[in-house]
Amino acid sequence: MRTRYVTTLDLDAERLAKELELSATFHYSEAYSDYLFGGPWKSCMLWACGGDSGDGVMTNYAYDRPSTFTGYGRQLPYLQELITKTADLTRLNFARLAVVANSVIIPHRDLLEFSEFPDESRNTHRLHIPLVTNDDCFFSEGNTVFQMKPGEVWFLNAAGIHSVAALSNEPRIHLIFDFVGVPGPGPLVKVADEGQEIPASRIVNRPPLPDSDRADLLRLADVLTLDTFSEVFSIVIKKHFRYDGGEDFAWNTMTEIARRCTDPAVLPHTLELHRYYTLERSA
Ligand code: YCP
Ligand code: CO
């Protein structure tokens, strides 16, 4: 599924704020926080296979049972309405709230752990609706950095390498849908589909990374050890969102810094993480 903008929904600010306030009292899973440097990845299932809000680990749900609203989803009538009017519920496996602040996500591919799942239950299509966001939130797919605004509906290619930055303390709250990819009577979304590629107005035009900045980054080799790995990688990922360093900049640069550092454990660790986050990961 290619990344594309679908449409913009008119969010009811008042009803939304009320429900987000209530949802703040729910238990959020911190599963997948190992993908982040900075604040955790917090998620809360509103609709799930089997109906249990579960532990947030996408492979740990009852894929053999029908999906339905969870106990949390049932307490949020406005978000229920939003989910019901947006998605073809017959092919919707999950809808979750995801909250992140002050953090960057390692460039990664999702859905790798579902390779053994049967087609009828496998998550293949991912949709985002930002509910709360700000100018310091960025998404990247490959070497394209873009921003999604509140109420916009986007299909995101979760199987491609993507990354996120939420560079302030203000929480970024998205509603995230995962669908099965089997054919159905109609489209996966019930809202008017404008079917656009990433609109130019949403793309962040980053200046090319100056050579001197690249040299500065490579000198992080002087301080890179396993203990400082997160900090160094986080600096590299932040650079990717502000400057265009070319295709696969974050992983290439981190690997090059690891190659230059004195701790011999760092390079194999980097290569292993690269494999895990972008190539191969079993359930
Ligand atoms: C997902 N993507 O499939 C994960 C969540 C970050 C990476 C955390 O939802
Ligand atoms: Co992801």
Side-chain angles (χ1 to χ4, degrees), residues 1-4 27-49 53-61 63 67 70 72 83 87 92-117 121-131 133 137-148 153-167 171-181 198 230 233-234 237-238 240-241 248 250-251 273-283:
M1 154 79 24
R2 297 190 52 169
T3 291
R4 63 197 180 84
H27 172 77
Y28 278 70
S29 158
E30 295 198 358
Y32 301 102
S33 290
D34 59 315
Y35 285 63
L36 281 70
F37 299 126
W41 174 262
K42 300 204 296 171
S43 67
C44 177
M45 282 296 177
L46 305 184
W47 170 279
C49 294
S53 60
D55 66 358
V57 178
M58 303 304 286
T59 45
N60 288 349
Y61 286 79
Y63 283 80
S67 21
T70 65
Y72 287 136
I83 293 167
L92 180 63
N93 273 355
F94 300 99
R96 54 193 153 140
L97 284 171
V99 184
V100 63
N102 217 337
S103 212
V104 292
I105 302 191
I106 297 175
H108 67 281
R109 298 163 67 200
D110 290 316
L111 314 174
L112 294 172
E113 47 277 80
F114 296 101
S115 54
E116 310 284 287
F117 280 57
S121 61
R122 194 155 57 95
N123 304 322
T124 57
H125 290 59
R126 164 103 23 109
L127 188 97
H128 275 232
I129 304 178
L131 300 176
T133 189
C137 292
F138 303 95
F139 192 91
S140 75
E141 178 180 295
N143 195 30
T144 303
V145 172
F146 61 99
Q147 294 183 300
M148 298 174 273
V153 180
W154 289 75
F155 275 112
L156 297 182
N157 176 16
I161 293 189
H162 58 281
S163 175
V164 175
L167 300 175
R172 165 206 197 253
I173 309 178
H174 282 203
L175 187 59
I176 303 181
F177 301 70
D178 281 291
F179 295 91
V180 292
I198 305 172
S230 308
F233 205 175
S234 142
I237 295 168
K238 286 175 182 173
H240 154 70
F241 284 100
D248 216 13
W251 278 111
L273 290 189
H274 182 252
R275 187 193 64 79
Y276 178 81
Y277 287 111
T278 69
L279 298 173
E280 165 188 11
R281 186 164 69 233
S282 41

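In this text the structure is predicted, and so the values were computed from the model without any measurement. Numbering of ligands and ligand atoms starts at 1, following listing order. Values below: all heavy atoms of this structure, side chains included; hydrogens, waters and symmetry mates excluded.
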ask   = Is the Tyr277 ring parallel, tilted or perpendicular to the Tyr35 ring (thresholds 30°, 60°)?
value = perpendicular

message = Under the criterion side-chain contact (heavy atoms from CB on, under 4.5 Å), I'd like the reasoning laid out for Val104 against His240: C-alpha separation, chi angles, the key distance, then a yes or no.
response = CA-CA 11 Å; Val104 292; His240 154 70; over 6 Å; no

Arg96: which of His174, Lys42, Met45 passes side-chain contact (heavy atoms from CB on, under 4.5 Å) = Met45

remark   = The N/O/S atom of Asp110 lying closest to the Co ion (ligand 2) is OD2

inquiry  = Keeping Trp47 on the side-chain end and Leu92 on the backbone end, is there a donor-acceptor pair under 3.5 Å?
reply    = yes

ask   = Any donor-acceptor pair under 3.5 Å linking the side chain of Ser103 with the backbone of Val100?
value = no

note = With rounding to 10 degrees, His162 NE2, the Co ion (ligand 2) and His108 NE2 define an angle of 90°

inquiry  = Check whether Tyr61 reaches the backbone of Ser53 with its side chain - one donor and one acceptor, N or O, closer than 3.5 Å.
reply    = yes

Whether Phe139 and His128 hold their rings parallel, tilted or perpendicular, with breakpoints at 30° and 60° = perpendicular

ask   = For ligand 1, what is the set of protein residues having any non-hydrogen atom at a distance below 4.0 Å?
value = Tyr32, Tyr35, Trp41, Arg96, Ile105, His108, Asp110, Arg126

